Each structure stands twice: as structure tokens, then as C-alpha cells.
4 protein chains.
Amino acid sequence: MRTNGEAAGERRGTVGGRARREQIERAAAEVLADVGYAAASVARIAQQAGVSKGVITYHFRSKDEILRRVALRLFRECADHIVAQTSAAAGPAARLRAGISAELDFFSSRRLEFRAMAEVMANHRDASFTRAFDDVAGVEAVALAELLRQGQALGQFRAFDADEVAHLIGAAKNRVLDRWASDEALDLASASATLLDFVESAVSVRSAMRISDPFDELGR
Amino acid sequence: MRTNGEAAGERRGTVGGRARREQIERAAAEVLADVGYAAASVARIAQQAGVSKGVITYHFRSKDEILRRVALRLFRECADHIVAQTSAAAGPAARLRAGISAELDFFSSRRLEFRAMAEVMANHRDASFTRAFDDVAGVEAVALAELLRQGQALGQFRAFDADEVAHLIGAAKNRVLDRWASDEALDLASASATLLDFVESAVSVRSAMRISDPFDELGR
Amino acid sequence: MRTNGEAAGERRGTVGGRARREQIERAAAEVLADVGYAAASVARIAQQAGVSKGVITYHFRSKDEILRRVALRLFRECADHIVAQTSAAAGPAARLRAGISAELDFFSSRRLEFRAMAEVMANHRDASFTRAFDDVAGVEAVALAELLRQGQALGQFRAFDADEVAHLIGAAKNRVLDRWASDEALDLASASATLLDFVESAVSVRSAMRISDPFDELGR
Amino acid sequence: MRTNGEAAGERRGTVGGRARREQIERAAAEVLADVGYAAASVARIAQQAGVSKGVITYHFRSKDEILRRVALRLFRECADHIVAQTSAAAGPAARLRAGISAELDFFSSRRLEFRAMAEVMANHRDASFTRAFDDVAGVEAVALAELLRQGQALGQFRAFDADEVAHLIGAAKNRVLDRWASDEALDLASASATLLDFVESAVSVRSAMRISDPFDELGR
DNA sequence: GATGAATGAGCCTTCATTCAT
DNA sequence: GATGAATGAAGGCTCATTCAT
């Protein structure tokens, strides 16, 4: 019998414990993807894992910890994957492309986990109802903004508010994943291509020559 | 000559009833914006409205009806506003710009309601856990895709998968609203300008002359 | 505006009021027959009557009063009918037969009301959960027992515990009504004939000669 | 390795679980007997059992399951008891007598449970307000009718509508139990004797010699 | 007379968590 | 390590009743 003060999170030392934790996290992801954040109860997670409810509170401090881990683990794995895939790319334009590709590539084999992560990121809140993952989701945009600024400095990207545009790109990219996550039939590869082309067109420097919109003169 | 047993939803008739319903819907929106979908309970809505819990089930068939109304009403008002603001615009490019502007403009005075609507749209599910608002949110993209196709036919927009790009534009636009909704300090006007510029750049026809990326040759 | 102390039951004076009360009582009977005692709520009664819930508490002191009236009115009307139909009958045996016939006859045009009455009689309780209609239902048995005793004194009926047998006859008779009430297809006339024959055989004096049961000797 | 989310009804396995279930069922029966079907709430049952409300939903899928079990268990035990006690009886007349005696005997040590069962049988309805136990209560009459027909074939019983009479006998028998259940002072043994005599007189073949009713000729 | 509105208690159920074994 | 059992708060909803208009 463990002492009351012992932290459940520390129990991940043993090999069996780690396996159990992962089994539970996987079940939690499945439930989140299936029924959504609001209906993802500990009971349902236990049922999905084929485990008693007690096991879950034995291995996790709280439901909160499970959800956080489901989201953060994937988020970090994704970040690592992107860094690895991006490091070889030379120059901001290539890195931008490589980064987006890497992310889509990363999630392409983790449809279910992506849905789970998205559910948690969008909904999880702390005790005072403040969204808990706004910050962590924000770092992605910060890194992207920095990349955009570098590209602007090098003359690869045209002039725009880099912070703002970083968010727009991130949003477009997430929508591709969201749609694919909720519609398995969607062709992720072709959607990726469209996305890359869309983003590139939006940020790249282009000739001053622009086909004028004949209607533009008419105003509105 | 109506009864409590009768459908509460039909109680819209009397002037007092309509006012109460609106008060409750407002309170529901406030709660949704404040604590999020999962924590938006009838009790909290009642408390926010300063009425007893019973009043709410008196005026609404179910909690579901309240949430649906909070979301759909704003959604429809927004759609109407966009149609009105867009009708004068001549040509797809102008209509695209006008449409986005109109939507941002519409929500600019409804920050709280927008958050509420977003919470419901993202989370509301039916009894079998299927997202309830996926369809209604989809019609927006369908209309946008049609607009894009018209622009392509007229040579205003470059070649791309119109359906896919419609979603990307929608996502970018929503992100602007999302961020502004959760951070009042954000300057919606300037963000709008950036968004419009971003979208226009992404879809407009442009010269074939493109500044080559010196790194591109190195590949990755 | 009436004073608070005024009894709602007194409001039955006016002609309109009486009509309303009867309309509500009829609706209550319909609901009772339809959904049973436990689910017969004021809301459902109001809905059935096509009237607002408020009307009901305006005309009746409480739900309790409605139910009591639904049951008692029919009970009394039935008793009156029986008395009228029985008065002509000469002698206990004839009166027994006439009484049973009269009761079945009385309810034969009040199927729904009978179900309602039965629901209330079987379930209605006072504040301390004591069945409220045990007494009133008992008077029927008392009267029947008296009749049986008279018949015994006259040698028409054989010897038996008259009080006890009164209950048995009453139960058999009620079962006929119960079954017919819940199964419209049942032929009440033929069931009545069987019932009368059954009861008569049970109570009538008969010859001492009885066909011996050949198995009886084997005993058990 | 079971879960709270799993079907609670299957939790019968463990010895402690079974004991709790029985404790709760007993408490439910006590409450039903005490306050009647309509007022038998989960809260009251929990209070009677001396446990928290949650325990009840932990051990039972729903309130419905508890009530059904309370009724059906006793019903089946009773049926088994009757079969056992009746098997030795030779011939329909003896079996009829033995069956009635067995049932009264069975319930004589289960006064409270009988009341509970009667409450549930009379009131329990499904979601569409159809009485849930009409069928199961009907099988008793079917078996009795068959017995009566056998007796008629053997010449032990006189001619009558066996199906109808089976219901009449059942009703009479239940009334004895009902009265005894609500009035402990009632002498069940003597009531039983009267019942058996009553039934036997009603169904047995008797001599054609019948004391004529002098009043009958007068008609009515 | 009549009614829409409101109330607060109570309904059954699900919840996250605790704890003895 | 693991789990069945238990808890009490909270969930959405229905209830009989009260009351201002």
C-alpha cells in the first residue's frame, strides 16, 4: 500500500506501469476521438481500455493529467518530427514547405491521435476555466513567425505582418488535418499539395505585374 | 390557452416570453464564452441569467435547444449580413473581399456571441456523438468554393482546387476571429487587412515571373 | 382577485366553473387510463384538457382533489345505479345477481372512467402513504356481506364466512372489469354470464351428493 | 478486470456484490410495500438500505432493473414452489387445491415482498406507458385454465368457460393475499380455507338437484 | 375567470475521486 | 499493483404549486 502523499505520476518507473499508462493513454485518445471532449469520461476510458476505473486513478493523478498527456505527448512528438525533417532544408522558403509537409506527414499515420489532441487543445481548461493549451499552441505560431521574418529579410517572402500571417498559415494547415481527421475518405496527399501551393502563393514575392481586376475600377 | 406540457419552443408568442428567451440565450452565450462548452451547465446559465433553473426548462424544450439556438441564430444573422453586404460587389474578387470584410465586420460587435457560437459549433454532438453542426458549417465553404470557381472562369483567380482552397480561406478567416475573441487587445482592423491581403495574394493570378529561391536548387 | 383564504372547491357554484371542472376531471380520467397513476401529472392533464396548468389549480385545491373526485364521483354514480337496479329484486339471490349485473352494466359504457377509477383506488395515498381508498372500497364488501348473510338466513346460500366471501366475489367481479378495461376485444356480456354462473355456483346451496374425486383417496 | 462503465447488472459475480444487490432489493421491497409504487424513489430506497444513492446505480443498471428484479424474482420463486408442491397431487381437483394452497403458503412468510411485487406488477410500465407485467401475470391464468380443462374432461369440474374462470379464481386468490398483505391481523389460514371452499364449490360438479329460489319465479 | 410565468424540491443518472482489501 | 466498492456533487429534467396580471 502506497502512502497517500506519493505522487501517482512517479509510478511510471516500472516497466509494467509504463505499459499500463500507455494503454490508458491510447484508450483515452480513442474515446476522445470517438465521443468528443465533453463526453470523454473516466468510465468510458476505462471501458475502452478494458480496465477497471480504479486502475486509472492509480496510474494517473487525475483525469486532467491523462488528457494533458494525450495532447502534449503527440504535440511534442510532432514538434520533434518537424525539427528533424526541417533541419536539412536550406532557407526559409524550403523550411516553410518542409515544415508543413513534415507535420502533415507526421499525423498521416496518427489520424485518431490527432483528433484526440485537437479535442483536448480546443477544450481543456484549468480550474478557473482558462483554456489550458493556448500557450503551447501559440509557440508553434511564434516559431513560424520567426521563419517568415527570416524569409522576408532574405527577400524570399513579400512584406506582411509575420506574426499574423503565421497564425493564418497555421490555421489553414490545421484545417486540412481537421477535415481529413473527420473524413477518412479525404485524400490527404492532394490536400497537402493544394495547401502548400496556397501558402506559397500567399507569402512569396511576386512580380509587380498583377492582372488588374476589371471590376475593381467600378468599385462597390 | 396553452399548457406547460406543450412544446416549450412554441412559447415564443408573448412579448414577455420572447424577452425571457432572449435573456436566457444571452446568458447562455455568456456562460459558453466564459467557461467553455463542457462546463456550460443549465445551472450556470440560470445563475448567469439571475433566474431559477426551472425557468430555463420552462422556456426551452431542452438544453440542446438553447445551444442550437445560440449557435444558429448568430450563424444566420451573419449569413444575412454577408449576403446584404456582398450583393453590391461586382465580380468574384470584389465579392470575396467584401464577403470576408462583411463577416469580420459583423462579428466585430459580437465578440462574446462569436465565442459562444464557436464553442457550440465545435463541440455540440447528437445522441450518437456525431458532431451536430458539421453540415451547417460546411455550406459556407460550398458557397465560397462556387465563388472561387467563378473567379477562375473569369481569369481573376489562378488555378487551384476551389473546394479545398475555400476551406483554407475559411480557416484563416476563422482564426482571425478566434484570436480576437480570446484576446480583446488584438486589433481586429489590422488583422483583417492582413487577412485580406493574405487571401488575395494566395488566389490572385500573378505574373509567371517569380523570384527564384536560390536555396531551391540545393534541394533537401 | 380572490382572497387567498378562499377555498378553490367552493368555486364550483357558477355554471361555467362547473363545466370547467368537469372538463378537467374528464381529462384527468383520460390521462389516468392512458399513462397510469404514477405518470398522471397535472401538466399532462392540462394538456389533455387543452387548458393551461394554471386553470387546474384555479379550479381545484390540489391535484389530490382532482384524483379523489375522479374516483369518488364514478364510485358514487355506480353505487346509485346499483341501488336503483337492485331495489326491484326480491330476495338475496336475485339481489346478488342483479347487483353484479348492474355494476357490469354501469361500467360497460364507461370503460375509460373505470380504468381511471381503478388506477386511483389502487394507488392513491395520503401524506403518510396510507392508501386513501381502502375504506371506501371496503364498504362495498360490507354491503355484499350483509346480503350474503341474509341469503344464508333464508337458506338460499350455503354456509360460509360471509365477510370473506364478499371480498372473493368482489375480486372476481373486478377482475372481469379489469380485463375488459385493458382489452377492448373482450366480450363483456359473455364474461358477465360466466361470472354470474361462477358466483352462483359458489354460494348456492346444493345437494349433499357430490361426485367423489377418484384421486382424492390417493391423497397427498 | 471490469469497469464502472460496464453493465452493472453483470456485477453479480463477487460475493460482496451479490450481498449488496440483495440488500438493495430488500430495501426496495420494503419501500414499495411502505409508500407504494409512485413514491418509491431511488433516494428512499438508498435511505432504507442505509447506503448512498450512488451505490444503487453502481449495482443496478437502472431503477427499472431493481423493480423488475424485485417482482420477477418473487414471482419465479413462487412458481417454482407451486410446481414442487403440486407435482405430487393426483388429478385436477387435487392439483387445483394444492396449487392454491401452495401459493398462499409460499407468500405467508413473505408478506412484505408480496406487497412489493403487487405494487410493481400493477404499476410498472415501459417507456410508452404499456403495463410491463401483464404478460407474465397472464401465464398463471393460462396454466390454471389448462388445469380446469383437464378437470372438465375427467368430469371432476362442471362445464364453464375455463379461460374466464381461471381469471376469476386467480382474482379471488389474489384478493385474499392482498387483504392479508395490508392487514396483518387477518387470519390467513382461515381465509385460505374459505377461499378453497369457495373455489371448489364454484367449479365442482354438483347434483342437478338444486334448491329452487322461491323469489326467482317472481322475476324482476 | 384565466393564464403565463416562476419556483424550488425532487426525480434518475453520471461523474471524478477515494479507499479498503 | 490492482480493483471493486462507495461517495457525494452535479448533471438535465419534471413536478405540484404559487402568484401577478
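Bear in mind that the values here come from a model prediction, so they are computed numbers and not experimental data. Every chain is numbered from 1, with letters handed out A, B, ... down the list of sequences.
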So if I take every side-chain heavy atom of [X] and compare against [options], which nucleotide ends up nearest?
X        : options                   : answer
Ser52(D) : dT7(F), dA2(E), dG11(F)   : dT7(F)
Ser41(C) : dC15(F), dT17(E), dG11(F) : dC15(F)
Tyr58(D) : dA16(F), dG4(F), dA2(F)   : dG4(F)
Lys63(B) : dT7(E), dA2(F), dG12(F)   : dG12(F)
Thr57(A) : dA16(E), dA6(F), dT18(E)  : dT18(E)
Ser62(C) : dT17(F), dA5(F), dA16(E)  : dT17(F)
Val55(D) : dC13(F), dA10(F), dA6(F)  : dA6(F)
Lys53(B) : dT17(E), dC13(F), dT3(F)  : dC13(F)

So, is Arg61(B) near the phosphate of dC13(F), with a side-chain N or O under 4.0 Å from OP1 or OP2?
no
Please state whether the phosphate of dG10(E), meaning OP1 or OP2, lies under 4.0 angstrom from any side-chain nitrogen or oxygen of Arg44(D).
no
Nearest heavy atoms of Arg68(A) and Phe133(A), plus distance in Å:
CG-CZ, 3.5 Å
After noting the C-alpha distance and the side-chain angles of Arg18(C) and Arg21(C), does the key distance pass the side-chain contact (heavy atoms from CB on, under 4.5 Å) rule?
CA-CA 5 Å; Arg18(C) 199 201 299 265; Arg21(C) 284 174 72 87; 5.6 Å; no
Quick one: is the NZ or CZ of Arg69(D) closer than 6.0 Å to the six-membered ring centre of Phe60(D), and within 45° of its axis?
no
Please figure out whether Gly54(A) or Arg20(D) has its closest DNA chain F nucleotide nearer the 5' end.
Gly54(A)
Could you tell me the separation between the NE2 atom of His59(D) and the P atom of dT13(E), rounded to a whole number of Å?
15 Å
Is dA20(E) paired to anything, Watson-Crick or G-U wobble with both distances less than 3.5 Å, and if yes, which nucleotide?
dT3(F)
Spacing of Leu32(B) atom CG and Leu112(B) atom CG [to the nearest 0.5 Å]:
9.0 Å
